[in-house]
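Here is the structure we will look at.
The analysis underlying the following values was restricted to heavy atoms, covering all of them including side chains, and did not include hydrogens, waters or symmetry mates. Worth saying up front: this structure is predicted, and the values here are computed from it rather than measured.
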Amino acid sequence: MKKIVIVGGGAGGLQLATSLGRYFSFTPFLNRRRQSPIAQVTLVDKNRTHIWKPLLHQVATGALDSSLDALNYQVHARGNGFNFELGSLQALDRAALTIELAPVCDDAGHELVPARTLEYDLLVFALGSQSNDFNTPGVRDHCQFLDSAEQAQRFHRKLLDQFLQLENRVAEKVQIAIVGGGATGVELAAELVDAAHEMGHYGRIANGDLEVTLIEAGPHLLPALPPRLGNSSEKELTRLGVRVMTGTAVAEANSTGFVTADGETIPAAVRVWAAGVKAPDFLKDLGNLALNRANQIEVAATLQSGQDPNIFAIGDCAGCIDGGGVKVPPRAQAAQQMAKTARDNLIALVEERDTPLTPFMYRDRGSLVSLSKFDAVGSLMGGLVKGSLTIEGRLAGLAYRSLYRMHLAALHGWPKAMLLYLVGHANRFVKPRLKMH
């Protein structure tokens with residue numbers, strides 16, 4: 001039996017494990033368990049649950065309760081024909097075709113599960129990305145990041161603490177500064193404004209008690225979108241009371257705020273860094289794989305490492321030039337598209353098909369950014385429109401919400417995805433709009 005190991009349960013990795021698990025473990029049409037599957041699929045992740053990364057800004061502000069919306073890997077694996085291993089990757093032996101997982105420890109550091117070795121015939125890295133501080137002094141020690149659900153929950157606790165001090169007048173106002181005017185920074189800024197408004201319903205918080213500053217080094221917000229949409233987002237955020245600073249580089253972070261390259265000090269009790277991404281740093285010391293400057297594993301258009309055809313990489317940790325010569329950007333839609341190509345190629349290798357592997361072709365479907373309940377902007381590309389269509393307002397908001405439903409459908413199928421969506425809406429009638437704990 002061939003062993004396929006997928007490391008990383010983000011948008012691409014989880015979708016790939018789900019699809020391969022169903023393919024090898026269940027018969028088509030009848031959906032019955034196969035008696036003798038030809039491949040075993042194992043997903044490895046350091047977390048017990050999955051939350052869609054584009055929603056982390058909502059987890060951070062309390063607009064989304066991750067305990068309700070998170071997907072449990074163990075339960076999902078059981079129902080979709082693959083295995084799940086909890087643990088962090090710490091070593092790769094390409095000659096022996098094995099990976100080593102670090103011990104699993106509790107919050108006090110006590111070892112729960114010892115280090116383990118997993119064998120593989122085909123290995124897929126789907127490790128996602130982490131924030132890139134560009135070696136800016138003080139960022140690592142004094143800033144919050146939103147790379148994982150754990151970090152988003154930590155931010156949420158810190159935000160609630162700030163609001164508690166505000167209500168009891170220990171502090172006169174809450175000052176939050178965000179570096180990075182991409183989708184994460186813009187969406188977080190808008191969600192913070194909405195969070196302060198909702199907190200006003202439950203406590204003694206008024207308009208003006210929250211000061212949000214959004215700092216972008218480029219000439220306009222949302223550099224991945226047309227300038228008009230970035231400027232439109234800036235106008236909307238300014239209307240909501242956010243201070244937007246474009247063309248401003250940050251030279252240093254400290255315990256009281258940021259210092260810009262021009263020497264201006266921006267005070268902030270909470271400092272968020274969302275100014276760029278790179279693949280995880282530990283890849284530098286893993287298996288002598290070829291990496292690019294962003295720590296990404298360099299792969300061919302087939303998504304295989306040029307040094308080892310048994311190793312694939314997809315998503316943000318893959319440095320890929322697709323079959324059309326396009327450099328694939330680190331975006332969720334790219335990870336999901338890569339998962340489909342990787343699935344086909346892995347199946348072809350397991351079944352020893354006599355045909356060439358499929359080259360990955362990236363198709364830009366556009367980008368959508370939500371400004372909480374206030375607005376949404378984006379561009380649509382692909383089969384529905386010729387070229388690029390910029391959209392704003394309700395249409396953009398509807399398109400943005402549909403992205404998450406499509407993600408759920410890829411994991412559960414449309415019937416269950418729609419049921420989960422309806423249950424989520426029902427919860428809004430019985431629970432506060434903002435998570436308060």
Within [range] or reaching into it, pairs that qualify as salt bridge (charged side-chain N to carboxylate O under 4.0 Å, His left out) - sequence neighbours excluded:
{"range": "residues 4-16", "answer": "none"}
{"range": "residues 114-127", "answer": "K3-E119, E85-R116"}
{"range": "residues 286-309", "answer": "R94-D308"}
{"range": "residues 310-322", "answer": "none"}

Hey, what's the ring geometry for F84 with Y73, parallel, tilted or perpendicular (30° and 60° as the breaks)? parallel
With under 30° as parallel and over 60° as perpendicular, where do the rings of H50 and H407 fit, or are they tilted in between? tilted
To the nearest 0.5 Å, how far apart are [atom1] in [X] and [atom2] in [Y]?
{"X": "T355", "Y": "E352", "atom1": "OG1", "atom2": "CD", "answer": "12.0 Å"}
{"X": "E234", "Y": "L221", "atom1": "CD", "atom2": "CG", "answer": "5.0 Å"}
{"X": "Q296", "Y": "L291", "atom1": "CD", "atom2": "CG", "answer": "9.5 Å"}
{"X": "Q151", "Y": "S131", "atom1": "CD", "atom2": "OG", "answer": "7.0 Å"}
{"X": "L146", "Y": "E187", "atom1": "CG", "atom2": "CD", "answer": "11.0 Å"}
{"X": "D141", "Y": "D133", "atom1": "CG", "atom2": "CG", "answer": "9.5 Å"}

Got [X] and [Y] here, is their nearest side-chain heavy-atom distance under 4.5 Å?
{"X": "V326", "Y": "I321", "answer": "no"}
{"X": "F258", "Y": "E252", "answer": "no"}
{"X": "L89", "Y": "F125", "answer": "yes"}
{"X": "L123", "Y": "F312", "answer": "no"}
{"X": "L16", "Y": "L346", "answer": "yes"}
{"X": "L118", "Y": "T98", "answer": "no"}
{"X": "I176", "Y": "T213", "answer": "no"}
{"X": "R34", "Y": "S25", "answer": "no"}

Taking only residues two or more places apart in sequence or in another chain, which ones pass side chain to side chain contact (heavy atoms under 4.5 Å, CB included) with [X]?
{"X": "L97", "answer": "Y120, N310"}
{"X": "A108", "answer": "D106, H110"}
{"X": "N72", "answer": "T49, Q74, V75"}

What verdict does the side-chain contact (heavy atoms from CB on, under 4.5 Å) test give for I6 and L14, after you've listed the backbone C-alpha separation in whole Å, the side-chain angles of each residue and the deciding distance to 0.1 Å? CA-CA 9 Å; I6 302 165; L14 181 57; over 6 Å; no
Please list, chain by chain and in numerical order, all residues satisfying ring-ring contact (aromatic ring centres under 6.0 Å, His included) with H142, sequence neighbours excluded.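 ring-ring contact (aromatic ring centres under 6.0 Å, His included) list for H142, sorted by chain: empty.
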Checking the side chain of [X] only, and the main-chain atoms of [Y] only, is there a donor and an acceptor separated by less than 3.5 Å?
{"X": "R365", "Y": "Q333", "answer": "no"}
{"X": "D45", "Y": "G9", "answer": "yes"}
{"X": "Q307", "Y": "A290", "answer": "yes"}
{"X": "E216", "Y": "G181", "answer": "yes"}
{"X": "W52", "Y": "L408", "answer": "no"}

Are there more than 12 heavy atoms of other residues, nucleotides or ligands under 6.0 Å from atom CE of M418? yes
For atom CG of N288, decide whether the heavy atoms of other residues, nucleotides or ligands shown that lie under 6.0 angstrom number more than 12.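 No, the 6.0 Å shell around CG holds no more than 12 heavy atoms from other groups.
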Could you pull out all residues at least two apart from [X] that satisfy salt bridge (charged side-chain N to carboxylate O under 4.0 Å, His left out)?
{"X": "R78", "result": "none"}
{"X": "E351", "result": "R353"}
{"X": "R154", "result": "E150"}
{"X": "K53", "result": "none"}

Begin with the C-alpha distance, continue with both residues' side-chain angles, and end with the deciding distance and a verdict on side-chain contact (heavy atoms from CB on, under 4.5 Å) for L349 and L122. CA-CA 9 Å; L349 290 173; L122 296 165; 3.9 Å; yes
I need the minimum non-hydrogen distance between [X] and [Y], along with the two atoms involved.
{"X": "N292", "Y": "G319", "value": "ND2-CA, 3.9 Å"}
{"X": "C320", "Y": "A300", "value": "SG-O, 3.9 Å"}
{"X": "L283", "Y": "C317", "value": "CD1-CB, 4.4 Å"}
{"X": "I314", "Y": "L303", "value": "CG2-CD1, 3.9 Å"}
{"X": "H57", "Y": "E191", "value": "CD2-CG, 3.4 Å"}
{"X": "S233", "Y": "L222", "value": "OG-CD1, 3.3 Å"}

So does D281 pair up with K278, basic N to acidic O under 4.0 Å?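 Yes, charged N to carboxylate O under 4.0 Å.
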Intermediate values then yes/no, side chain to side chain donor-acceptor pair (under 3.5 Å), T302 and N345: CA-CA 7 Å; T302 57; N345 288 342; 5.4 Å; no
Audit row: Q153, V59, side-chain contact (heavy atoms from CB on, under 4.5 Å) steps and yes/no: CA-CA 7 Å; Q153 290 160 0; V59 176; 4.1 Å; yes
How about R343 and S19: does a side-chain donor come under 3.5 Å of a side-chain acceptor? yes
Polar contact flag, side-chain donor to acceptor under 3.5 angstrom, T61-H156: no
Please walk me through it: do Q144 and W273 pass side-chain contact (heavy atoms from CB on, under 4.5 Å)? CA-CA 6 Å; Q144 303 280 317; W273 189 269; over 6 Å; no
